[in-house]
There are 2 protein chains.
Amino acid sequence: MEPKVISRAVVERLPRYYRYLGELMENKAERVSSGELSEMMHITASQIRQDLNHFGGFGQQGYGYNVEYLYNEIGKILGLNQVHRMIIIGAGHLGQAIANYGNFERRGFRVVGMFDQREELAGTLSPTGVPIYHMDTLEDFVAGHPVSIAVLAIPKAAAVEVARKLVACGVRAFWNFAHTDLDVPPDVVVENVHLSESLMRLSYNMNMNKE
Amino acid sequence: MEPKVISRAVVERLPRYYRYLGELMENKAERVSSGELSEMMHITASQIRQDLNHFGGFGQQGYGYNVEYLYNEIGKILGLNQVHRMIIIGAGHLGQAIANYGNFERRGFRVVGMFDQREELAGTLSPTGVPIYHMDTLEDFVAGHPVSIAVLAIPKAAAVEVARKLVACGVRAFWNFAHTDLDVPPDVVVENVHLSESLMRLSYNMNMNKE
DNA sequence: CCTATATTGACAATTAATTGACAAACTTTT
DNA sequence: AAAAGTTTGTCAATTAATTGTCAATATAGG
């Protein structure tokens, strides 16, 4: 549809625009200019206009951008107008934290099942009512239910192995919290959340600020 | 000490080098060349050499890099040779997940306390033995104990308020999991982990891969 | 000890990302 | 209805990041 390739840097910023526009909507703002957004977000107005223009002319000279319209358009660009059926691998604290976070559900990310190695969890429900299955039944489940995203909230060795299996079962998107990179075919998408690396960056910047 | 300013892009990659070097150490590798690392990490050898050279000449022509030496040097650059005393605000699943993750402890990130609004949690211990205190005692605790990092694992409104208080108490580094940006003085460091934005990027890339 | 081979560190060339500037087009005021 | 004031979209200029190249210098093998 969109033949233009959008640079990584722009895609990284899109969700942040979406968040600020959502806040503006909550505050009943009807319109916003790139200059106002610039001040709120601490990035240049020029960058905002340039970023948004990759996807089409959403604004109007002399007026700015209509908040609700722009919010919805960015939502569509981000794929938030679709429902994503999601499974969470690992029902530890991290898996539970993700399952319990209600805002994902609101944006169309529906958790349809959790999987865990521990026998005693199988057959129970998470606090938000998501069924927990035993890990051994993972492949059967995926064969019988459409799943568009798998969340990997398990240790790295298990994550590599489970990802391999799920790719074979047709899963094409992973949200990876394991501390490893996944080796997947080119048509499979992986978004990594490497928490320990994030913490190390914080540590680095702490030292830099001192000097 | 280091007057040279290191670009954001380089700092983002440092922890990943550290992770790969750690794996090489586990596999008893004594040396590694930028070419080998390049193949493992899927980035150019030129970039690896250039990145590492920002911090000094760690390699040797005809030999490559000594794995253990380079691992330790990058660790020092990242500040992993120091102990960071860390408090976690919010003892929900996310806070517990962070508290229970043993690898942080190994790298010098010591969780010295958790804080939560819920009365029934106050006075108890997390599974890893971290004491949980009531949120009201937060400022007293920080006044009496050195704390270098505060982890914000609470909703956004609370996070903004708690961060304000902690900055006033002298905390200079935040690991922020709340879905908001924090407004802090220039000498305070914030590392954001915006999970919903990460998930939106995944969603975006899923659609892009289809076309 | 000499030669062939490997590999870094430095720098130049290239590519990507950000910022600045302004004409065009809208809104608001008079 | 005209004039004044905003603000976008676009493009050029600038800055930042990545990649390619190669002399210098090491290792390894006779």
Side-chain angles (χ1 to χ4, degrees), chain A residues 2-17 20-21 24 29-74 77 201 204-205 208, chain B residues 2-17 20-21 24 29-74 77 201 204-205 208:
Chain A
E2 288 276 337
K4 214 185 324 174
V5 170
I6 306 298
S7 79
R8 186 201 53 75
V10 175
V11 175
E12 298 259 297
R13 284 190 291 267
L14 274 188
R16 188 152 178 266
Y17 292 132
Y20 275 85
L21 288 164
L24 282 167
E30 196 185 273
R31 58 189 249 186
V32 69
S33 70
S34 60
E36 288 163 346
L37 263 180
S38 164
E39 206 165 325
M40 291 169 66
M41 299 181 67
H42 301 110
I43 56 182
T44 63
S46 185
Q47 181 166 72
I48 294 171
R49 293 203 298 279
Q50 178 128 304
D51 282 354
L52 297 178
N53 254 87
H54 282 115
F55 302 98
F58 298 132
Q60 206 157 49
Q61 286 103 324
Y63 174 86
Y65 299 87
N66 178 282
V67 172
E68 191 171 352
Y69 173 69
L70 185 55
Y71 179 81
N72 288 327
E73 288 300 311
I74 295 181
I77 292 165
R201 281 192 289 272
Y204 176 88
N205 288 319
M208 288 311 101
Chain B
E2 289 277 336
K4 214 186 326 173
V5 169
I6 306 298
S7 80
R8 185 201 52 77
V10 175
V11 175
E12 298 258 298
R13 283 189 292 267
L14 274 187
R16 189 153 177 263
Y17 292 131
Y20 274 85
L21 288 165
L24 282 166
E30 196 185 274
R31 57 189 252 187
V32 68
S33 70
S34 60
E36 288 164 345
L37 263 180
S38 164
E39 205 165 328
M40 291 171 66
M41 300 181 66
H42 301 110
I43 56 181
T44 64
S46 187
Q47 180 166 73
I48 293 171
R49 292 203 300 277
Q50 179 128 303
D51 282 354
L52 297 179
N53 254 85
H54 282 115
F55 303 98
F58 298 132
Q60 207 156 49
Q61 287 103 324
Y63 174 86
Y65 299 88
N66 179 282
V67 172
E68 191 171 352
Y69 173 69
L70 186 55
Y71 179 82
N72 288 327
E73 287 301 310
I74 295 182
I77 292 164
R201 282 192 287 272
Y204 176 88
N205 288 319
M208 289 311 102

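Hydrogens, waters and symmetry mates play no part in the numbers below; they use all other heavy atoms, side chains included. Below, chains carry the letters A, B, ... as their sequence lines are ordered, and counting in each starts from 1.
- Side-chain nitrogen and oxygen atoms of Tyr65(A) include none within less than 4.0 Å of the OP1 or OP2 phosphate oxygen of dT6(D).
- With sequence neighbours excluded, the residues that form a side-chain contact (heavy atoms from CB on, under 4.5 Å) with Val11(B) are Arg201(A), Tyr204(A), Ile6(B).
- With a cut-off of 3.5 Å on both pairing distances, the Watson-Crick and G-U wobble pairs of DNA chain C assemble into stems of 3 or more at C:1-30 with D:1-30.
- Residues passing the ring pair (Phe, Tyr, Trp, His ring centres under 6.0 Å) test with Tyr20(A): none are found, sequence neighbours excluded.
- Within a 6.0 Å sphere centred on CD of Glu12(B), heavy atoms belonging to other residues, nucleotides or ligands number more than 12.
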Find every protein N or O atom lying less than 3.5 Å from an N or O atom of nucleotides 26-30 of chain D, and list the pairs.
{"unit_1": "dA28(D)", "atom_1": "OP1", "unit_2": "Arg31(B)", "atom_2": "NH1", "d": "3.1"}

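- Scanning for salt bridge (Lys or Arg N to Asp or Glu O under 4.0 Å) contacts around Arg16(B) gives Asp181(A), with sequence neighbours left out.
- Shown here are the side chain to side chain donor-acceptor pair (under 3.5 Å) partners of Asp51(A), two or more places apart in sequence or in another chain: Arg13(A), Tyr17(A).
- If you take OH of Tyr69(A) and C1' of dT8(D), they are 14 Å apart, rounded to a whole angstrom.
- Annotation: side-chain contact (heavy atoms from CB on, under 4.5 Å) contacts of Glu73(B) (sequence neighbours excluded): Phe58(B), Tyr69(B), Lys76(B).
- The salt bridge (charged side-chain N to carboxylate O under 4.0 Å, His left out) analysis of residues 52-65 of chain B, with sequence neighbours excluded, yields no pairs.
- Per the geometry, CD1 belonging to Ile48(B) stands 13 Å off P belonging to dG20(D), to the nearest Å.
- Among pairs with a residue in residues 32-49 of chain B, none fulfils salt bridge (charged side-chain N to carboxylate O under 4.0 Å, His left out), at least two apart in sequence or across chains.
- For Met41(A) and dT18(C), the CE to P distance is 13 Å, given to the nearest whole Å.
- At distances below 3.5 Å, at least one donor-acceptor pair connects side-chain atoms of His54(B) with backbone N or O atoms of Gln50(B).
- Annotation: side-chain contact (heavy atoms from CB on, under 4.5 Å) contacts of Ser46(B) (sequence neighbours excluded): Thr44(B).
- Atom pair Leu37(A):CG and dT6(D):P shows a separation of 18 Å (rounding to whole Å applied).
- Legend: residues meeting side-chain contact (heavy atoms from CB on, under 4.5 Å) with Gln60(A), ordered by chain and number and at least two apart, are Tyr63(A).
- Neither OP1 nor OP2 of dT8(C) sits under 4.0 Å from any side-chain N or O of Asn53(B).
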Under 3.5 Å, which N/O atoms of the protein pair with N/O atoms of nucleotides 14-19 of chain D?
{"unit_1": "dT18(D)", "atom_1": "OP1", "unit_2": "Arg13(B)", "atom_2": "NH1", "d": "3.0"}
{"unit_1": "dT18(D)", "atom_1": "OP2", "unit_2": "Arg13(B)", "atom_2": "NH1", "d": "3.2"}
{"unit_1": "dT18(D)", "atom_1": "OP2", "unit_2": "Arg13(B)", "atom_2": "NH2", "d": "2.8"}
{"unit_1": "dT18(D)", "atom_1": "OP2", "unit_2": "Gln47(B)", "atom_2": "NE2", "d": "3.4"}
{"unit_1": "dT18(D)", "atom_1": "O5'", "unit_2": "Gln47(B)", "atom_2": "NE2", "d": "3.3"}
{"unit_1": "dT19(D)", "atom_1": "OP2", "unit_2": "Thr44(B)", "atom_2": "OG1", "d": "3.1"}
{"unit_1": "dT19(D)", "atom_1": "O4", "unit_2": "Gln50(B)", "atom_2": "NE2", "d": "3.1"}

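- Side-chain atoms of Arg49(B) and base atoms of dT21(D) include a donor and an acceptor less than 3.5 Å apart.
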